[in-house]
Amino acid sequence: MNTTVIRNAIGRESDDLTSWTRTTCAYCGVGCGILAQPQQDGSVTIKGDPEHPANFGRLCSKGSALGETVGLSERLLAPQVNGQTVNWDGALDLVAEKFSKTIAEHGPDSVAFYVSGQLLTEDYYVANKLMKGYIGSANIDTNSRLCMASSVAGHKRAFGTDTVPGTYEDIEAADLVVLVGSNLAWCHPVLHQRLLAARQTRGTKIIVIDPRRTASVESADLHLPLAIGSDVALFNHLLSEIDARGMLNQDFLPHVEGLEAALEAARADTLAPTGLDDDLIRQFCDMWIGTERVVTIYSQGVNQSSAGADKVNAILNCHLATGRIGLPGSGPFSVTGQPNAMGGREVGGLANMLACHLDIENADHRDAVQAHWAAPTMAQHQGLKAVDMFEAVYQGKIKALWIIHTNPAVSMPDADRVREAIKRCDFTVVSDITAQTDTARLADVVLPATGWGEKSGTVTNSDRTISRQRAFLPVPGQARPDWVILADVACRMGWKDGFNYSTEAEIFREYAALSGIAKDFGRDFDISGLKTLSDAQYDGIAPLRWPHPQTNPPQTSNGRFFADGQFYHINGKAKMLPLRHRAPAAKQARKYPYYLNTGRLRDQWHTMTRTGLSPRLSSHLAEPFVDIHPQDAKELGIQAADLVRLRSPQGQSILRARITCDVRPGDMFTPIHWTGETAPSACVDTLVAPVVDPVSGQPESKASVVAAQRFEAQWYGFAISCNAVHPQADYWARARTQRGWRLELASSQSPQDWEAEARRLFDLPDACVQRLEDKGRGSARIALYDNGVLLAALFVAREPVAVMRDYLATLPGDQAQDTVLSGRAPQDRPDPGPILCSCFSVGVNTILNAVETQGLMTVEAIGEALQAGTNCGSCRPEIGDLLAKIQLKDAAE
Ligand SMILES: Nc1nc2c(c(=O)[nH]1)N[C@H]1C(S)=C(S)[C@@H](COP(=O)(O)OP(=O)(O)OC[C@H]3O[C@@H](n4cnc5c(=O)[nH]c(N)nc54)[C@H](O)[C@@H]3O)O[C@H]1N2
Ligand SMILES: Nc1nc2c(c(=O)[nH]1)N[C@H]1C(S)=C(S)[C@@H](COP(=O)(O)OP(=O)(O)OC[C@H]3O[C@@H](n4cnc5c(=O)[nH]c(N)nc54)[C@H](O)[C@@H]3O)O[C@H]1N2
Ligand code: SF4
Ligand SMILES: [Mo]
């Protein structure tokens with residue numbers, strides 16, 4: 001009973017089926033090139049593109065598993081209005097009519113678009129043109145507000161433009177790489193692998209600055225587990241030390257202003273907020289200051305903070321003071337999250353900017369864009385940023401909302417209020433590839449978009465490389481590309497002339513031409529050399545890094561910015577900023593004594609609508625959890641595997657406790673991926689306060705305050721099933737397996753009759769049953785069969801159930817076995833344990849066994865014996881960590 005639905009490839013020419021298509025990964029901002037080949041049976045083979053400059057053939061676990069996520073089982077294949085399938089004309093007419101009517105009655109600012117850094121540049125361009133130029137409001141913001149806004153603001157304050165100066169080659173050419181608030185090993189795995197490969201040859205040192213011990217720490221020379229939110233204090237100290245040690249770069253400083261004020265502020269800060277040992281800080285300063293070639297990579301631990309923009313500028317201050325910018329192997333490096341986070345910034349996707357790095361506050365810029373668009377109007381001021389936008393929806397000021405390619409009911413802070421806002425909104429449209437999301441379930445209209453593999457356009461990755469995403473699959477059902485849907489609505493709103501595009505190439509040419517106009521205003525984003533591409537040239541374009549001007553020869557792979565000291569403020573100089581440490585906005589208090597940090601797991605992508613379809617990816621960490629320091633756990637009376645209720649001023653959730661020294665005492669950490677579809681009590685943004693950085697408007701997603709308490713469950717359960725189930729329990733979490741589903745359950749109320757409960761849960765009223773019950777101990781084990789085939793099983797107990805989960809998950813669909821109810825694997829089928837290597841499905845137990853019986857103690861030896869870690873390599877840091885822990889334990893015994 002295989003749940004991986006094979007895609008229907010009918011309708012393709014047979015010779016297409018044998019050819020490889022060059023495209024780009026659907027996930028992170030590394031932007032890896034992919035070769036994809038649809039097979040005769042409808043499946044898709046994926047491999048890394050050896051010629052793509054981002055990955056040269058490598059892929060991580062998520063990229064390699066893309067073929068498992070293109071099935072149609074959960075796809076939305078036709079438009080829906082109020083849950084009923086309708087035809088496109090009906091849906092588009094309704095959307096156009098509602099938006100037009102709302103604008104006519106309440107003005108352009110009564111409507112809004114909330115879009116995504118996962119849109120293609122062409123989609124983004126059309127959405128912006130429609131909102132800013134035709135509707136005449138700047139109420140278009142994007143999930144990049146939750147992601148890159150602080151970096152954008154920091155770059156603009158320092159450089160006068162939002163530009164990442166360096167390239168991926170710099171990470172390989174550096175002698176020191178500092179990761180600040182970045183878990184590169186899990187979130188940008190291929191970049192991390194490039195770094196580790198370079199280290200083999202040049203001995204690169206790595207420092208990780210993160211309150212948590214992450215997988216990235218495993219390969220680091222130094223880890224600074226600083227207090228959450230204290231990065232400005234740390235980098236202020238570094239700046240003072242740069243000065244005190246006479247390491248200011250006097251040759252570069254004429255290109256920089258603000259040094260004195262920045263130094264004065266830095267000296268006034270203390271290190272106390274960091275909570276770090278003096279010795280660690282000294283080592284950090286010695287290494288940073290003493291290494292000419294240093295790249296400081298930063299990500300959400302920096303951006304997602306109420307001091308996010310200041311954190312960015314505190315880092316940039318140090319690079320500017322030393323002139324370490326735009327040089328080979330040296331510079332600050334903000335890595336982007338989503339595949340087109342960078343493209344979205346270039347195309348003006350945020351509510352406070354125009355396309356091509358032009359400014360919405362600048363009347364000349366506005367006029368030029370309006371003229372280029374031949375638009376009837378133009379937004380005159382900034383629109384609402386994401387958090388304010390949803391608040392305006394809540395308050396009824398925004399009356400029509402279109403959400404495209406993002407799942408804000410899960411990913412926005414104060415998510416329950418966002419859900420309520422969407423519910424209250426007079427008219428909400430969602431464009432998605434599935435209707436089974438928490439956001440789509442609240443919408444009036446759900447429109448089926450073509451997904452990765454079916455759509456075509458361009459994306460820009462972290463180092464400004466523009467690549468093509470190309471279609472290689474037939475369009476399923478009635479799905480349409482996002483830009484087509486937007487343009488269709490625009491035409492129906494009466495703007496045929498502006499949106500009469502027939503190909504994405506046409507949109508791209510218009511955009512490239514606009515960048516030439518921006519260039520004339522002195523902006524840096526210039527791809528005007530691409531404005532005359534023919535459709536065929538556009539289709540065949542190889543990855544290229546901007547700028548790509550029309551006149552001068554296009555820059556090649558060493559195209560860095562700012563080494564010449566030319567910046568984009570009016571006086572051509574860079575700015576250093578005077579900054580002071582500010583603690584996170586939410587203060588720990590007796591009622592909420594812990595900081596809640598949130599982030600990502602190796603094998604899941606955000607709200608799991610795609611990675612959650614892959615059994616392999618779902619087997620890495622199959623359940624949501626909260627990491628708690630042993631000291632805090634002891635005080636709270638929480639044991640490993642207990643459930644914990646977290647409360648914040650915004651809401652509450654229930655999660656599985658993992659007791660670990662990886663977090664600091666006083667901090668807790670939980671992953672962001674679970675939703676109403678997969679674990680309703682574990683939607684983390686329910687707990688997150690809607691506090692934002694005053695400069696960037698980016699929410700503080702990593703420093704909410706919470707209280708924690710053991711969840712007093714009457715019973716705990718584990719279940720396996722061929723079919724998807726939606727239990728009614730205080731706590732449940734489900735994950736896909738090769739054979740169906742696995743589930744964790746718990747509740748504060750026990751049913752009377754476990755067999756009846758199991759039948760209801762699995763919707764199997766007539767199945768044959770096998771049961772084992774101990775009423776005195778409150779345990780029950782029930783297996784349900786049809787014709788001797790195991791359909792489902794439920795294991796319950798008063799304590800967290802101890803059964804061999806990873807083994808049991810392989811059983812649904814098998815012929816009946818006597819051993820199922822024992823919950824244990826027979827001797828000849830050992831339990832692999834939780835999967836570490838998802839490429840070869842190698843579990844922790846298998847590795848532990850190999851260590852014990854074969855004495856293997858290196859990642860390489862494990863790879864040789866078990867294959868683990870030898871394909872994509874994403875699990876190598878965890879295997880290393882496991883081995884280190886075994887060695888520590890052996891040494892202690
Ligand atoms: N596997 C996987 N990869 C992804 C994604 C995914 O969903 N899954 N999403 C992509 C996207 S959109 C993004 S934005 C990136 C995000 O990539 P990252 O930013 O690397 O990922 P996060 O786990 O969100 O956060 C990084 C780290 O910030 C730390 N942190 C928290 N507070 C602080 C602080 O005050 N200071 C410092 N220095 N560190 C702090 C956290 O402990 C965490 O380990 O990942 C991209 N890649
Ligand atoms: N607490 C906390 N919250 C966070 C974060 C955090 O670290 N902590 N990180 C934040 C960050 S950095 C980010 S980027 C966001 C991400 O949060 P979201 O953007 O909300 O998450 P995704 O799951 O990526 O949502 C993408 C949606 O687009 C749909 N989709 C897929 N392909 C297509 C397509 O081709 N067209 C259309 N129209 N739809 C498609 C998917 O099914 C899915 O529903 O979360 C943010 N929220
Ligand atoms: S690192 Fe992984 S997720 Fe990111 S683009 Fe490359 S293959 Fe995709
Ligand atoms: Mo992101």
Side-chain angles (χ1 to χ4, degrees), residues 24-34 46 48-49 52 54-55 58-66 116-118 142-149 151 178-194 208-217 224-232 234-235 273-274 297-308 311 315 334-339 341 406 411 459 461-462 467 583-584 595-608 611 617 620 627 662-664 667 669 671-673 698 700-703 872 874:
T24 317
C25 179
Y27 302 120
C28 86
V30 177
C32 295
I34 279 183
I46 297 285
D49 180 352
H52 196 287
N55 57 321
R58 294 183 176 92
L59 290 180
C60 78
S61 49
K62 296 182 298 300
S64 330
L66 269 165
S116 168
Q118 295 167 64
T142 143
N143 62 3
S144 284
R145 183 69 59 196
L146 319 179
C147 180
M148 303 313 304
S151 278
V178 183
L179 303 177
V180 195
S182 154
N183 184 7
L184 205 72
W186 278 11
C187 296
H188 300 87
V190 165
L191 215 46
H192 189 246
Q193 285 176 29
R194 284 180 67 167
V208 174
I209 301 176
D210 193 310
R212 280 195 310 144
R213 190 189 151 81
T214 62
S216 306
V217 173
L224 272 63
L226 82 178
I228 289 182
S230 64
D231 305 74
V232 170
L234 180 66
F235 279 88
T274 66
I297 295 182
Y298 50 97
S299 186
Q300 299 315 336
V302 167
N303 292 338
Q304 289 173 340
S305 159
S306 58
K311 288 185 181 187
I315 295 168
S334 147
V335 281
T336 51
Q338 299 174 92
T406 175
S411 55
V459 290
N461 72 3
S462 290
S467 302
Y595 271 128
L596 181 70
N597 179 5
T598 64
R600 293 161 166 75
L601 301 181
R602 190 190 77 194
D603 285 357
Q604 292 297 349
W605 179 259
H606 299 160
T607 71
M608 288 192 195
T611 44
L617 295 180
H620 178 231
D627 282 345
D662 290 351
V663 292
R664 294 161 44 102
D667 288 356
F669 172 84
I672 59 173
H673 305 291
Q698 178 154 354
E700 185 150 67
S701 315
K702 292 192 164 16
C872 81
S874 301

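Note that this is a predicted model, so its numbers are computed, not measured. As the structure lists them, so they are numbered: ligands from 1, and atoms in each ligand from 1.
- Shortest contact from atom 7 (S) of ligand 3 to any protein heavy atom: Cys60 N, 3.5 Å.
- Between Ser334 and Met148 the shortest side-chain heavy-atom distance falls below 4.5 Å.
- When hydrogens are left out, the protein atom nearest atom 29 (C) of ligand 1 is Asp210 OD2, 3.2 Å; that is the closest non-hydrogen contact.
- Only the backbone of Gln604 comes within 4.0 Å of ligand 1, judged by heavy-atom distances.
- Protein heavy atom in closest approach to atom 18 (P) of ligand 1: Ser299 OG, 3.4 Å.
- Within the 2.8 Å limit, Cys25 places no N, O or S atom next to atom 6 (Fe) of ligand 3.
- For Lys702, a nitrogen or oxygen atom sits less than 3.5 Å from a nitrogen or oxygen atom of ligand 1, counting backbone and side chain alike.
- In this structure the side chain of Asp231 never reaches within 4.5 angstrom of the side chain of Tyr298, judged on heavy atoms.
- Side chain of Arg600 to backbone of Trp186: no donor-acceptor contact under 3.5 angstrom is found.
- Residue Gln300 holds the heavy atom nearest to atom 16 (C) of ligand 1 of all those in Lys311, Arg213, Gln300, Gln118.
- For the pair Gln300 (side chain) and Gly181 (backbone), a donor-acceptor distance under 3.5 Å is absent.
- Of all atoms in ligand 3, numbered sequentially from 1 with element shown, those under 4.0 Å from a heavy atom of Pro189 are 1 (S).
- Between Ser230 and ligand 1, not a single N/O pair is under 3.5 Å apart.
- Because the distance cut-off is set at 2.8 Å, His188 fails to qualify as a neighbour of atom 2 (Fe) of ligand 3, as none of its N, O or S atoms comes that close.
- Near Tyr27, with a cut-off below 4.0 Å to any heavy atom, the atoms of ligand 3 are 3 (S).
- Ranking the protein heavy atoms by distance from atom 34 (C) of ligand 1 puts Gly301 O, 3.3 Å first.
- Across all non-hydrogen atoms, the minimal contact from His52 to Gly31 is CE1-O, 3.2 Å.
- Contacts between Ile672 and ligand 1, counted as non-hydrogen atom pairs separated by less than 4.0 Å, are absent for every part of the residue.
- Taking distance alone, with nitrogen or oxygen atoms compared against 3.5 Å, Leu226 stays at or beyond that limit from ligand 1.
- Contact annotation: Pro211 has at least one heavy atom less than 4.0 Å from an atom of ligand 1.
- Contact annotation: for His673 versus ligand 1, heavy atoms closer than 4.0 Å belong to the side chain alone.
- Under the 4.5 Å side-chain criterion, counting only non-hydrogen atoms from C-beta, Arg212 is not in contact with Asp662.
- Looking at Ile228 next to ligand 1, no N or O pair under 3.5 Å apart turns up.
- Shortest contact from atom 35 (O) of ligand 1 to any protein heavy atom: Gly229 N, 2.6 Å.
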For this session: Could you check Gln338 against His606 for side chain to side chain contact (heavy atoms under 4.5 Å, CB included), going step by step and ending with a plain yes or no?
Result: CA-CA 10 Å; Gln338 299 174 92; His606 299 160; 4.1 Å; yes
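- For atom 6 (Fe) of ligand 3, the nearest non-hydrogen atom of the protein is Cys32 SG, 2.3 Å.
- Looking at ligand 1, you'll find an N or O of Asn597 within less than 3.5 Å of one of its N or O atoms.
- Counting heavy atoms under 4.0 Å from ligand 1, residue Cys147 touches it through the side chain alone.
- Listed by atom number, the atoms of ligand 3 under 4.0 Å from Val190 heavy atoms are 1 (S), 6 (Fe).
- The main-chain N or O of Cys872 is found under 3.5 Å from a side-chain atom of Gln193 such that the two form a donor-acceptor pair.
- At distances below 3.5 Å, at least one donor-acceptor pair connects side-chain atoms of Ser874 with backbone N or O atoms of Ser61.
- In this structure, Thr598 and Ile672 have side chains that are in contact, with non-hydrogen atoms separated by less than 4.5 Å.
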For this session: Output, in order, the C-alpha distance, side-chain angles, deciding distance and verdict of side chain to side chain contact (heavy atoms under 4.5 Å, CB included) for Leu66 and Tyr27.
Result: CA-CA 9 Å; Leu66 269 165; Tyr27 302 120; 3.6 Å; yes
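- With a 4.0 Å heavy-atom cut-off, ligand 1 is reached by no atom of Phe669.
- Thr336 and Ala341 get closest at one heavy-atom pair: CB-CB, 3.8 Å.
- The protein heavy atom nearest to atom 11 (C) of ligand 1 is Gly337 CA, 3.2 Å.
- Within the 4.5 Å cutoff, side-chain heavy atoms of Ile34 are placed close to those of Leu59.
- Counting the atoms of ligand 1 from 1 in the order shown, those under 4.0 Å from a heavy atom of Leu601 are 1 (N), 2 (C), 8 (N).
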For this session: Would you sort out whether Cys147 and Asn303 count as a side chain to side chain contact (heavy atoms under 4.5 Å, CB included), showing the intermediate values?
Result: CA-CA 7 Å; Cys147 180; Asn303 292 338; over 6 Å; no
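- In terms of protein heavy atoms, atom 21 (O) of ligand 1 is closest to Cys187 SG, 3.3 Å.
- For the pair Gly229 and Lys311, the tightest heavy-atom approach, listed with the atom from each and the gap, is CA-NZ, 3.7 Å.
- Residue contacts with ligand 1: Gly181 is placed with a nitrogen or oxygen under 3.5 Å of a nitrogen or oxygen of the ligand (distance criterion only).
- Using a non-hydrogen distance threshold of 4.0 Å, Asn55 does not register as a contact of ligand 3.
- Panel note: side chain Glu700, backbone Ser306; a donor-acceptor pair is recorded below 3.5 Å.
- Polar contact with ligand 1: absent for Trp605 (N/O pair, distance under 3.5 Å).
- Against a heavy-atom cut-off of under 4.0 Å, Gly31 is close to the following atoms of ligand 3: 5 (S).
- No N or O atom of Thr598 sits closer than 3.5 Å to an N or O atom of ligand 1.
- The distance from ligand 3 to the heavy atoms of Leu59 drops below 4.0 Å at these ligand atoms: 7 (S).
- The heavy-atom pair separating Gly599 from Phe669 by the smallest distance is N-CE1, 3.2 Å.
- Numbered from 1 in the order shown, with element, the atoms of ligand 1 that lie under 4.0 Å from a heavy atom of Lys62 read 1 (N), 2 (C), 3 (N).
- Nearest non-hydrogen protein atom to atom 4 (Fe) of ligand 3 is Cys28 SG, 2.3 Å.
- Looking from atom 12 (S) of ligand 1 to the surrounding protein, the closest heavy atom is His606 NE2, 3.1 Å.
- Looking at Val180 next to ligand 1, no N or O pair under 3.5 Å apart turns up.
- Proximity of Cys25 to Lys62: side-chain heavy atoms (C-beta onward) are nowhere separated by under 4.5 Å.
- For ligand 1, the polar-atom distance check finds an N/O of Arg212 within less than 3.5 Å of one of the ligand's N/O atoms.
- When each atom of ligand 1 is checked for a heavy atom of Arg602 under 4.0 Å away, the hits are 1 (N).
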For this session: Dump the intermediate steps for side chain to side chain contact (heavy atoms under 4.5 Å, CB included) on Asn597 and Val663, then the final yes or no.
Result: CA-CA 9 Å; Asn597 179 5; Val663 292; over 6 Å; no
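- In terms of heavy atoms, Pro339 sits closest to Gln118 at CD-CG, 3.8 Å.
- Looking only at protein heavy atoms, the nearest one to atom 36 (N) of ligand 1 is Asp231 OD1, 2.8 Å.
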